[in-house]
Protein chains: 2
Amino acid sequence: MNGMSAYAALAEPHRRRILDLLRTGERPAGELVEHLDLSQPGVSKHLKVLREAGLVAVRTHGKQRVYSLRPEPLAEVAEWLEPYRMLWSQRLDALERHLEDNP
Amino acid sequence: MNGMSAYAALAEPHRRRILDLLRTGERPAGELVEHLDLSQPGVSKHLKVLREAGLVAVRTHGKQRVYSLRPEPLAEVAEWLEPYRMLWSQRLDALERHLEDNP
DNA sequence: CGTTCATATTGCCATACGGCTATATGAAGG
DNA sequence: CCTTCATATAGCCGTATGGCAATATGAACG
């Protein structure tokens, strides 16, 4: 199975949700299943994708597999987005100016 | 055909490249084809996806279809990323500290 | 109005994706 | 060891994706 880019990994809503859940701290896989309205194997599959994209890491603790966030690939995405930032803020500024002129 | 999320639209490298090309200004579709090592219909298909995701807009100018960037959906992605930012900078700070201590 | 140029759409194909159920694996505990 | 609990893998299926070649569309211009 070949690794997915961070971009592709983020395309799936359940996977973004998993990352959101891990943002507050590490969690065993089972806890993720509870929060996801998705079968256990389904979650496991998504976790594999996230692992291969380098977005999460696993640690074995007793019978549990504890997942934690690995945010570095997100930094790359954010970097790609950076040059666009001025474009949308330009637009928002224009909107603000428009609203000022037409209150 | 149903609209794709910005996240999903960004999953495809050619589509990110198209956005990068449009970042410097609007361009007719043909010009994008020249830059993309992809068939003309292929590019057209990706442009359709980007249109449906609200990431580009088209304007007809003579025989040409001129595409321009519409960055707002990217702002949404950036917003989602925001809470993660502190996590990877934390990590980088830790790295810096480590390097200071072990020069 | 018929042709030309630029682009979009269609049809087709192979492969990937995301979901499920059933089964395998592997650590703990008795 | 044998069982149990937690998770991963396998196998299967329907649909989506991304690519191409061929064709349709639509504006401009003679």
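Worth knowing before you read on, the calculation uses all heavy atoms, side chains too, and leaves out hydrogens, waters and symmetry mates. Below, chain A is the first sequence line, B the second, and so on; all start at residue 1.
- Side-chain proximity of A/A29 to the nucleotides D/dA8, D/dG18, C/dA8 is greatest for D/dA8.
- When all heavy atoms of B/R15 and B/A8 are compared, the pair lying nearest together is NH2-O, 3.3 Å.
- Minimum atom distance to the side chain of B/R15 is reached by D/dG18, of the listed D/dA6, D/dG19, D/dG18.
- A residue-by-residue look at A/S39 and A/K63 shows that A/S39 has its nearest nucleotide of DNA chain C further toward the 5' end.
- If you check D/dA6, D/dT9, C/dG18 against the side chain of A/K45, the one that comes closest is C/dG18.
- Summarising the geometry, the separation between CG on A/L10 and C1' on C/dC17 is reported as 16 Å, rounded to the nearest angstrom.
- With C/dA8, C/dG19, D/dA8 as the choices, the nucleotide that has an atom nearest any side-chain atom of B/Y67 turns out to be C/dA8.
- The distance between atom CD of B/E52 and atom P of D/dA16, rounded to the nearest whole Å, is 13 Å.
- We find the CH2-CG distance between B/W80 and A/L74 to be 5.5 Å, quoted to the nearest 0.5 Å.
- Taking 4.5 Å as the limit, every side-chain heavy atom of A/E34 sits out of range of all side-chain heavy atoms of A/R27.
- Here the P atom of nucleotide D/dA6 and the CD atom of A/Q64 are 7 Å apart, to the nearest Å.
- Spacing between atom CG of B/L38 and atom C1' of D/dA21 amounts to 14 Å, rounded to whole angstrom units.
- Among the atoms of the strands shown, only primed sugar atoms or phosphate atoms (P, OP1, OP2) are found under 4.0 Å from some heavy atom of A/G62.
- Residue B/L36 contributes atom CG, which lies 16 Å from atom C1' of D/dC20 at whole-angstrom precision.
- Listed pair A/H14 / C/dG19 meets the phosphate criterion, a side-chain N or O lying under 4.0 Å from OP1 or OP2.
- Distance from the side chain of A/S44 is smallest for D/dA8 among the nucleotides C/dT9, D/dA8, C/dG18.
- The side-chain heavy atoms of B/L69 and A/Y84, taken from C-beta on, include a pair separated by under 4.5 Å.
- Look at CZ on B/R17: it is 18 Å from P on D/dG18, rounded to the nearest Å.
- Between C/dT9, D/dA27, C/dC20, one nucleotide has an atom nearer to the side chain of B/P41 than all others, and that is C/dT9.
- Residue contacts shown for B/G30 are limited to sugar-phosphate atoms, with no base heavy atom under 4.0 Å away.
- Comparing A/A8 and B/R51 along DNA chain C, the residue whose closest nucleotide (by nearest heavy atom) sits nearer the 5' end is B/R51.
- In this structure, CD of B/E12 is placed 11 Å from P of D/dT17, rounded to the nearest angstrom.
- Comparing B/D37 and A/V33 against DNA chain D, the residue whose closest nucleotide sits nearer the 5' end is A/V33.
- Following rounding to the nearest Å, A/L50 (CG) and D/dT7 (P) show an atom-to-atom distance of 16 Å.
- One finds the CD atom of B/E76 at 8.0 Å from the OG atom of B/S5 (value rounded to the nearest 0.5 Å).
- For A/K48, whose side chain is taken as the heavy atoms from C-beta onward, the closest listed nucleotide among C/dA8, D/dT9, D/dA6 is D/dT9.
- With hydrogens and angles ignored, the 3.5 Å screen pairs no side-chain donor or acceptor of A/Q64 with any backbone N or O of A/V66.
- You'll find that the side chain of A/H46 is closest to C/dG19, out of D/dC20, D/dA8, C/dG19.
- Evaluation of atom-type donor-acceptor distances gives no pair under 3.5 Å for the side chain of A/Q40 against the base of D/dA6.
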